[in-house]
There are 2 protein chains.
Amino acid sequence: MDPKRVLIFRTVARAGSISGAARELGWTQPAVSQHLRALERSAGCALLLRGAAGVELTEPGRVLLARADALAVQLHMAEEELADLTALRRGRVRLAAYPSAAATLVPRAVAGLRARHPEVDVELTEAEPPEALALISRGDADLALVFSYDPPHGAVGEGRSARADHASAGTPERRDQVAAGGAGLVWRPLADEPVALVVGADHRAATRRRLTLADLSEEPWIVGCERCRAHALSVCAEAGFEPAVRHVSDDYVVVQNLVAVGLGVTLLPRSALDAFLHPGVRVREHPSFGTRTFGVVHREGADLVPATAALVRELAA
Amino acid sequence: MDPKRVLIFRTVARAGSISGAARELGWTQPAVSQHLRALERSAGCALLLRGAAGVELTEPGRVLLARADALAVQLHMAEEELADLTALRRGRVRLAAYPSAAATLVPRAVAGLRARHPEVDVELTEAEPPEALALISRGDADLALVFSYDPPHGAVGEGRSARADHASAGTPERRDQVAAGGAGLVWRPLADEPVALVVGADHRAATRRRLTLADLSEEPWIVGCERCRAHALSVCAEAGFEPAVRHVSDDYVVVQNLVAVGLGVTLLPRSALDAFLHPGVRVREHPSFGTRTFGVVHREGADLVPATAALVRELAA
DNA sequence: GCTGTCCCATAACCTGACGTTATGGATCCG
DNA sequence: CGGATCCATAACGTCAGGTTATGGGACAGC
């Protein structure tokens, strides 16, 4: 049974005549008549009695009208619900974010989204980038905040496929990041942030005027995740030494506490320091310490989901 | 929003891929792909994420799928209900019948219908033919049992429009009968029945061997409704006299009681006598007493309603 | 009784929607 | 690396779906 014809039938029943329904639909009367005939053939019985005064429903017609009404209700509610989603009167985004972004960027973005679109919910899962990508690929998250440490000259176009980007950028970290979650993903960088050197408040490097990394070649080093370790090794190698890694922790609060009591020095991105700054450390910045790019990853096409697109806009602001 | 496309979308969601849905629908994959694209343009957002492993719903897609499921349920139930009505597993006929038919023909027909199709209901309203036709025209009855007294040569085709039939038959009673309810009605004669003379058990005419109507020219007469009176006047005129009408009653039980106590003679159709035969009367039959045709009237097209058609078949059996 | 106005039905016609085939690209597995 | 799966787009042919043309019935007003 053709649902369009059922709805045409309903228009006729409500108009009381085929001609009246044709006027309402903006069609000619034979068009409606032909559809009704086809519907009656399909139904196998008369749905309407026709006459000079218009139509009257038969009992099968009354039965079908009840169902046609219910059909129209479902269709109308579908249209309304999609309109609500499109206009951001409703929606939900499942976001996976690494800790320092979860502590800084995400609250600001979610607050902005909440201010503009209070009916849109964001569900946050804290996850390091590889796990965040896995969530995206499995369909358990809509959007992932990820980062990659940049070589000094790295710059990538936004909105291009992950494969194209990492091919053009060529960095091992970037390939590792987006390939781990499988293909069909889109990576959109949002901004760069500097990586800073973090030393104890009493450390001789805390106040040294012309500080270079090489000055710290004999210090014990504290590093974080796999990517952060790789970055530290990379920038130290450019400074001509291999750092002695004594401590490892992903947790930037823990890392800063270790630095404060003199157990070593570390490199941390700006966002981690924005999230938490231990009073017993000092932060030194220099271009040679490097930068990292953070951005979002999502399934191709997910940016056409209104709530996801809105959150991306807030994160990019 | 095109309900057909919503159902196509539902097929894709359930199949897990556009190609799988195409196989299920018996179409090629681009056909399904194009319909989905059109649906997404109409919806104004992405409903699906596409990939090498098939599709995954977005949140708008999940919302729409719920409505699509409800749509499919309504459509399926409509199909089932119409199938039940077509197969006479369900149904209702509103029948208007004159008293002697209500007492004889109708119970037999309804019993037969009940035996064959126990789920079909008949709702009976007792009504003389003019009122029965009015009920049909107002849409308050589906079928009417009516009769007309025949001239000796009257014979009509079945299933033709009422106007055509009464034009061909030409009898005043018939015109009165079907015209009174307006046009768009179809009259279908079912059978002829003889009209009989009814006299008291002790009446001299009860046992007279070679009885003619002229023998009763001096008797007091008892007549019924307008049409029955006209018939009596007609056949007596053919016998060469005008009957002295002393009593009038539509009720064939009353009429027979009056005859039994000697208050007059009357003409009654066979069905009235089948319904009730007073032990104090005698029935004489002769072609000169005339016949009457009984049949059904309904709105044009109503015979394509399965329950109505079934009842007509039972009435005609 | 005639005319005008409403109703519905059918035939013939034209157009574009809707399916196809052809083709290309992406992903994944062996 | 090749084969098998997925999806997308372009081009094409057919016929469904709307139109116009026309005819007939019913009814109200004159």
Side-chain angles (χ1 to χ4, degrees), chain A residues 2 4-5 7-9 11-13 15-42 46-57 137 160-164 167 178-186 299-301 304, chain B residues 2 4-5 7-9 11-13 15-42 46-57 137 160-167 178-186 299-301 304:
Chain A
D2 184 338
K4 272 176 165 176
R5 285 183 170 146
L7 294 173
I8 291 166
F9 163 76
T11 304
V12 172
S17 72
I18 291 173
S19 300
R23 286 191 287 276
E24 192 167 319
L25 293 166
W27 292 352
T28 61
Q29 174 265 329
V32 179
S33 181
Q34 284 153 7
H35 278 296
L36 288 177
R37 281 300 187 198
L39 184 63
E40 283 178 319
R41 283 197 297 276
S42 156
L47 301 171
L48 300 163
L49 299 178
R50 286 116 158 124
V55 300
E56 190 178 323
L57 294 183
S137 291
R160 292 159 66 188
S161 73
R163 173 67 66 87
V178 299
L185 301 185
V186 176
R299 290 282 300 272
E300 189 166 4
L304 294 174
Chain B
D2 186 338
K4 274 177 165 176
R5 286 184 169 144
L7 294 173
I8 291 166
F9 163 75
T11 305
V12 171
S17 71
I18 292 172
S19 300
R23 284 190 290 275
E24 192 168 318
L25 292 168
W27 291 355
T28 60
Q29 174 266 328
V32 179
S33 181
Q34 286 154 4
H35 276 295
L36 288 177
R37 281 299 186 198
L39 184 64
E40 283 179 319
R41 284 196 297 275
S42 155
L47 301 171
L48 300 164
L49 300 178
R50 285 112 158 131
V55 299
E56 188 178 327
L57 293 183
S137 292
R160 292 160 64 191
S161 72
R163 174 69 64 88
D165 275 353
H166 77 59
V178 300
L185 302 185
V186 175
R299 290 283 299 272
E300 189 166 4
L304 294 175

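Below, chain A is the first sequence line, B the second, and so on; all start at residue 1.
Rounded to an integer number of Å, the gap from CZ of A:Arg299 to C1' of D:dC6 is 12 Å. As a whole-Å value, the separation of A:Trp27 CH2 from C:dT15 C1' is 16 Å. In this structure, the CD atom of B:Glu56 is 16 Å from the P atom of D:dC6, given to the nearest Å. Put simply, CG on B:Asp2 is 11 Å from C1' on C:dA17, counting in whole angstrom units. Atoms CD1 (A:Ile8) and C1' (D:dG18) sit 11 Å apart, rounded to a whole Å. Put simply, CD on B:Glu24 is 17 Å from C1' on D:dC6, counting in whole angstrom units. Between the C1' atom of D:dC6 and the CG atom of B:Leu49 lies a distance of 15 Å, rounded to the nearest Å. B:Glu300 places its CD atom 15 Å from the P atom of D:dG24, with the value rounded to the nearest Å.
In terms of phosphate contacts, A:Thr28 brings a side-chain nitrogen or oxygen within less than 4.0 Å of OP1 or OP2 of D:dT19. The phosphate of C:dC6 has neither OP1 nor OP2 within less than 4.0 Å of any side-chain N or O from A:Arg23.
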Problem set entry | Protein proximity profile, nucleotides 7-12 of chain D - base contact B, sugar-phosphate-only contact S, no contact -, cut-off 4.0 Å on heavy atoms | BBBB--
Show the atom names and distances, to 0.1 Å, of all donor-acceptor pairs under 3.5 Å that link a side chain in residues 24-33 of chain B to residues at least two apart or in another chain.
none

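Side-chain contact between B:Arg50 and B:Leu36 is present, with at least one heavy-atom pair separated by less than 4.5 Å. Using a 4.5 Å cut-off on side-chain heavy atoms (C-beta onward), B:Leu48 and B:Glu40 make contact.
The residue B:Gly26 sits close only to the backbone: its heavy atoms come under 4.0 Å of sugar-phosphate atoms, none of a base.
With hydrogens and angles disregarded, no donor-acceptor distance shorter than 3.5 Å links the side chain of A:Glu300 to the backbone of A:Gly184.
Partners of A:Glu56 under the side chain to side chain donor-acceptor pair (under 3.5 Å) rule, at least two apart in sequence or in another chain, are B:Arg299.
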For this session: Could you walk me through whether A:Leu47 and A:Leu57 pass side chain to side chain contact (heavy atoms under 4.5 Å, CB included), step by step?
Result: CA-CA 6 Å; A:Leu47 301 171; A:Leu57 294 183; 5.9 Å; no
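Shown here for B:Gly301 and A:Ala46, the closest heavy-atom pair between the two residues is O-CB, 3.8 Å.
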